[in-house]
Amino acid sequence: MAAQNADSPRRWPFESLLLGLSAVFLGVNFLALDLLRPGVNPLSRWFPLILWAACAIVGKRVLDRRLPGHDPVIFPLAMFLSGWGLVLVERLSPFFAGRQTLWLGLSVGAMLLAAALPHLLRWLRQYRYVLLVAGLGLLAGTIVLGTNPSGQAGAPKLWLGFGTIFFQPSEILKIILAAFLASYLAEQYPAMRAAGLGGEGRRLGLSPRVFGPVLLMWGLSVIILVWQRDLGMAALFFAVFLVLLYIASGHSLILVSGTLLLLAAGVIAYREFGVVRLRVDIWLNPWPEADARAFQIVQSLLAFAAGGIFGQGVGQGSPVYIPVVHSDFVFAALAEEWGLMGVVVTIVCIMALFARGMRIGIQQQGRPFQAMLAVGLSTLLAGQSLLIMGGVLKVLPLTGVTLPFLSYGGSSLLASFIIIGLLLRLSASETGHAVHP
Amino acid sequence: MTTEIILLLLRCFSGLLLTGVLVVLFLAMWRDFRSVAGVVEMRRRTYGRLVVIREVDGHEVVTGETHPLLALTSLGRSPTNTVPINDHFASSEHALVAMRGGQWWLEDRNSRNGTTLNDLPVTEPVVITQGDVIGIGQMKFRLELETP
């Protein structure tokens, strides 16, 4: 490392280093899986790792060429976590591994498009209403035509099915929403910030210009909640919106009132909807129903306990006792097989992604749209991770969102990688340091 | 037997690799934050000083208290200002001195008791130059610019 350091004192090859470490880590774990389950066709066993490596190499090459100044940490972290996700899928439900690997290839392709397509940011701004209407249309379509891949009666119908391919529109909607909010608020930014430079003072904080959209967003979240029973997404949309509005306006009143609105919605939902009541009840005390309705969460806690500090080793624990462990409860499986160590590394990686996103936002301070897009997208990633990690650990009521990169799920992986692509693009674009007018 | 030993070794190795990821990540972020801190420090260069003066018998006397002038300098009673003012007549966010378009501007931030420039009240942003006296509450500041 010293030689490289002497060669280029400013830039260490952190990106290659992290990608290399991840590749070795994945190789070790796939090897262990291979030893544990002999007799599987080696090509199909190693296929995920091979495609992962191809994605990493192509991704790095393209990014180096198209975005020379991009953030060196974001891409390897996303690849590391998604590769780990492949190991988990391969271990938990090998039947889905091939499918998830193909989704990974598609997602990295989408990420590169999002990172390198010229004029993309301008289009996002220009056609924001078109995008928003299209996104809401998809959502409405899901309300009418939605299905659930598991085919269970009564399960939330959040997917659109095309033959054997299922897609969850709310994953894409969250990106569209973040872009829309960023461009809307960037337009309102001068008016909102005028308070900071003398002029009308603080009374602006109470004007309908600020509170109108809050109520609108709240309504949208409630619609998602009522029609789709998609607690996690509703909470996430609203939280991201609050954060963006707070950053745009600087009024802490927004955070307070927004949190109160969210709590009010929660209380009403608790009284009205069985799903919500069930989630809250088993969050408060799962033990009386440990073998019935709270089976999943109790098994998840036991998995965490079984993992200990260093974990049972890949393929050597028994996380498959947890129902649907490969999607929502993937974090519990990770905890059982890699222990506290794996948990800490996962949390650090996700928080590092968040920190980088925020840093990109600060770097783009002079350009409100870019800054708020970066903040919104990284808040989406971090918020979603917090919701599900807290849910699995029984710190928060369980909300059925995926853990970005790690959970099984094509649309979630695709959306997460598009977010990464946009963040990379923002990190590479020249910074606007002009003092705002 | 041998498989178990290999598995144990692989487990240890995978744990080591996880630690390695943490270390590299930490190094990457640490180096980056350090370089950013350097940039920020550079950008915080001062452009001059705000010298606190007091009037005694009609003469302006320098009290010896000075504040560095940044590209965006805020004055007020709140400690978050770049120039905190300990004066009952000052609002918490009282006034702003900012470099815009190559000129220095003084703005009153809607303060309760107002800001003065050379003893005249400031109602809208005004351009200020070398030697101008900004009055906030009972405090007066003289602008002393550094020629670059």
Side-chain angles (χ1 to χ4, degrees), chain A residues 1 10-12 14-15 17-18 20-33 35-36 38 71-73 76-77 80 84 87 195-202 309-316 337-339 341-342 344-346 348-349 352 355-356 359 362-363 433-437, chain B residues 2-36 38-40 42-43 70-72 74 91-96 98-102 105-112 114-115 122-126:
Chain A
M1 199 176 290
R10 283 245 151 238
R11 282 196 156 267
W12 284 17
F14 284 121
E15 198 167 38
L17 213 57
L18 276 173
L21 272 177
S22 327
V24 182
F25 174 75
L26 299 185
V28 165
N29 283 292
F30 268 101
L31 192 63
L33 274 182
L35 286 173
L36 280 163
D71 190 293
V73 174
L77 281 187
F80 172 60
W84 204 347
V87 175
L197 296 171
E200 293 154 79
R202 286 160 187 259
I309 293 180
F310 297 107
Q312 302 278 331
V314 62
Q316 294 153 69
E337 309 221 312
W338 283 271
M341 204 137 143
V344 168
V345 172
T346 313
V348 167
C349 286
R356 300 308 292 185
R359 168 148 150 42
I362 293 173
Q363 194 182 318
H433 268 308
V435 179
H436 54 82
Chain B
T2 41
T3 319
E4 276 168 21
I5 291 175
I6 297 174
L7 278 176
L8 184 67
L9 285 176
L10 287 177
R11 239 176 95 189
C12 296
F13 196 37
S14 125
L16 276 179
L17 285 165
L18 283 180
T19 323
V21 169
L22 275 189
V23 170
V24 173
L25 192 59
F26 171 77
L27 276 178
M29 308 245 319
W30 182 58
R31 275 188 70 91
D32 182 71
F33 280 126
R34 260 204 351 188
S35 72
V36 171
V39 172
V40 168
M42 246 168 55
R43 208 173 287 142
L70 306 180
L72 192 66
S74 60
S91 301
S92 60
E93 290 177 343
H94 198 108
L96 205 60
M99 166 73 114
R100 282 192 205 126
W105 290 78
L106 170 66
E107 270 174 19
D108 184 55
R109 293 173 90 180
N110 217 18
S111 66
R112 185 173 293 271
T115 308
V122 176
T123 51
E124 54 189 19
V126 286

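The figures here come from the full heavy-atom set of this structure, side chains too, leaving out hydrogens, waters and symmetry mates. Naming convention: chains lettered A, B, ... in sequence-line order (proteins, then strands); numbering from 1 in each chain.
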Original post:
Is a donor on one side and an acceptor on the other found under 3.5 Å between the side chain of B:His94 and the backbone of B:Gly114?
Top reply: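 The answer is yes, because a donor-acceptor pair under 3.5 Å joins these two groups.
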Original post:
So what's closer than 4.5 Å to chain B heavy atoms on A:Val73: side chain, backbone, both or neither?
Top reply: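 Side chain only.
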Subject >> Under 4.5 Å from any heavy atom of chain B - which part of A:Leu26 >> reply: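 Neither; nothing under 4.5 Å.
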Max heavy-atom pair count under 4.5 Å with chain B, selected residue of [options]:
| options | result |
| --- | --- |
| A:Gly313, A:Gly315, A:Gly27 | A:Gly313 |
| A:Asn29, A:Val24, A:Val28 | A:Val28 |
| A:Met341, A:Gln312, A:Glu15 | A:Gln312 |

Original post:
Closest approach of B:Ser91 and B:Arg112, non-hydrogen atoms and distance?
Top reply: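 Looks like OG-N, 2.9 Å.
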Subject >> Nearest heavy-atom neighbours spanning A:Ala352 and B:Met29 >> reply: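 So the two residues come closest at CB-SD, 4.1 Å.
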Subject >> Residue list, salt bridge (charged side-chain N to carboxylate O under 4.0 Å, His left out) with A:Arg359, at least two apart or on another chain >> reply: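 Counting only residues at least two positions away or on another chain, A:Arg359 forms a salt bridge (charged side-chain N to carboxylate O under 4.0 Å, His left out) with B:Asp32.
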Subject >> Any residue meeting side chain to side chain donor-acceptor pair (under 3.5 Å) with A:Glu337, in chain and number order, not counting sequence neighbours >> reply: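 With sequence neighbours excluded, A:Glu337 shows a side chain to side chain donor-acceptor pair (under 3.5 Å) to A:Arg91, given in chain and number order.
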Original post:
Relative to chain A, which segment of B:Leu22 carries a heavy atom at a distance below 4.5 Å: side chain, backbone, both, or neither?
Top reply: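 The side chain, not the backbone.
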**OP:** Answer with side chain, backbone, both or neither: which region of B:Phe26 has an atom nearer than 4.5 Å to a non-hydrogen atom of chain A?
**Re:**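 Looking at B:Phe26, nothing touches chain A.
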Original post:
For the residue pair A:Trp84 and A:Phe25, does the interplanar ring angle fall in the parallel (under 30°), tilted (30 to 60°) or perpendicular (over 60°) class?
Top reply: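 Rings of A:Trp84 and A:Phe25: perpendicular, over 60°.
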